[in-house]
Enquirer: 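What follows is a single structure, and I will ask about it in a moment.
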Amino acid sequence: MEANNDGSMSQVRHVVLVLSGKGGVGKSTITTELALALRHAGKKIGILDVDLCGPSIPRMLSIGRPDVHQCDSGWVPVYTDAAKTLALMSIGFLLEDPDEAVVWRGPKKTAMIGQFVSDVAWGELDVLLVDTPPGTSDEHLAVLENLKKHSRVDGAILVTTPQAVSTGDVRREITFCKKTGIRILGIVENMSGFVCPHCSECSNIFSKGGGEELAKLTGSIFLGAVPLDPLLSTSIEEGKDFIQSFPDSATFSAISSISQTLLESLQTA
């Protein structure tokens, strides 16, 4: 079926990349929780999961492996709710076996990313969050080149953990953004302390403040710090909406604040 490429992104108001220089910093978790926070703020949200080798967002949203249907303008995204306020497209939906490894050379990955960007019928969205693989590989360039054909990219959120090893890798990501002309919408420090499930005290397992320091050094906005929270981890594992389940937690407050700052940044993008 020939997709109507011009219309697939025409009603998407803002496109935001979620990047990190390294794996294991919780980029998909931040993408998922930001999407839920923005939805709770009354926005229509889409997630494009282009982490081809580790598509974890379908599980985080408890979607499973639904059939992906086609319409005149391409693939129909999978909706998490009847009101269609949160849409998702992931390679996880297209694999016959969820445990199957994606062993593809660069050109095949690039072609799949091109299809993902141009052939998904998103309809009307306030924000499309693009969850990318770690690093600054050809996959990132493929995402950028294809997005720029169909819409403008408003900018990127960079996710780091507090340690110098992580912030060093994210510094390279900042260089990538500058070289490719992507506006940095802000830096999120994830796993910033550990929230005790019994007394709610926050202890610093890793060092603290690396993300904020990096933001200062590079002249970027510091969006906020999200602690390691067992309640959040359980919600992600079970595919529950953390923001709905634990509205009184400090972690909810952090994610909600980050989403509000992001919305304000997008108004001036």
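Excluded from the calculations below are hydrogen atoms, water molecules and symmetry mates; all remaining heavy atoms, backbone and side chain alike, are included.
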Enquirer: Applying ring-ring contact (aromatic ring centres under 6.0 Å, His included), name anything that partners Phe93, two or more places apart in sequence or on another chain.
Expert: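 Phe93: no ring-ring contact (aromatic ring centres under 6.0 Å, His included) contacts found.
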Enquirer: Excluding sequence neighbours, so at least two apart, what forms side-chain hydrogen bond (donor to acceptor under 3.5 Å, both in side chains) with Asp241?
Expert: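 side-chain hydrogen bond (donor to acceptor under 3.5 Å, both in side chains) check on Asp241 returns Arg39, His40.
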Enquirer: State which residues pass side-chain hydrogen bond (donor to acceptor under 3.5 Å, both in side chains) with Glu238; sequence neighbours excluded, sorted by chain then number.
Expert: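 Lys240.
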Enquirer: About how many Å separate CG of Leu263 and CG of Leu34, when rounded to the nearest 0.5 Å?
Expert: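 With rounding to 0.5 Å, CG (Leu34) is 9.5 Å from CG (Leu263).
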Enquirer: Could you go through the salt bridge (charged side-chain N to carboxylate O under 4.0 Å, His left out) check for Asp126 and Arg13 one step at a time?
Expert: CA-CA 5 Å; Asp126 291 302; Arg13 291 188 185 90; 2.6 Å; yes
Enquirer: Mind checking what makes salt bridge (Lys or Arg N to Asp or Glu O under 4.0 Å) contact with Glu145, not counting sequence neighbours?
Expert: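 With sequence neighbours excluded, Glu145 shows a salt bridge (Lys or Arg N to Asp or Glu O under 4.0 Å) to no residue whatsoever.
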Enquirer: For Asp131, enumerate each residue passing the salt bridge (Lys or Arg N to Asp or Glu O under 4.0 Å) test, keeping only those at least two apart in sequence or located in another chain.
Expert: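 Residues passing salt bridge (Lys or Arg N to Asp or Glu O under 4.0 Å) with Asp131: Lys27.
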Enquirer: Side chains of Thr251 and Ser249: do they bring a donor and an acceptor to under 3.5 Å?
Expert: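 Their side chains do not contain a donor-acceptor pair, so the 3.5 Å distance test is not met.
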Enquirer: Please say whether more than 12 non-hydrogen atoms of neighbouring residues, nucleotides or ligands are located less than 6.0 Å from NZ in Lys84.
Expert: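 Count not over threshold, so no.
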Enquirer: Restricting to side chain to side chain contact (heavy atoms under 4.5 Å, CB included), what partner residues turn up for Ser233, sequence neighbours left out?
Expert: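 Counting only residues at least two positions away or on another chain, Ser233 forms no side chain to side chain contact (heavy atoms under 4.5 Å, CB included).
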Enquirer: Can you measure from CD1 (Ile174) to CG (Leu158) and round to the nearest 0.5 angstrom?
Expert: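 Nearest 0.5 Å value for the CD1-CG distance: 5.5 Å.
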Enquirer: Identify the heavy atoms of Thr110 and Ala142 that sit nearest to each other, and give their distance.
Expert: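 Of all heavy-atom pairs spanning Thr110 and Ala142, the closest is CG2-CB, 3.7 Å.
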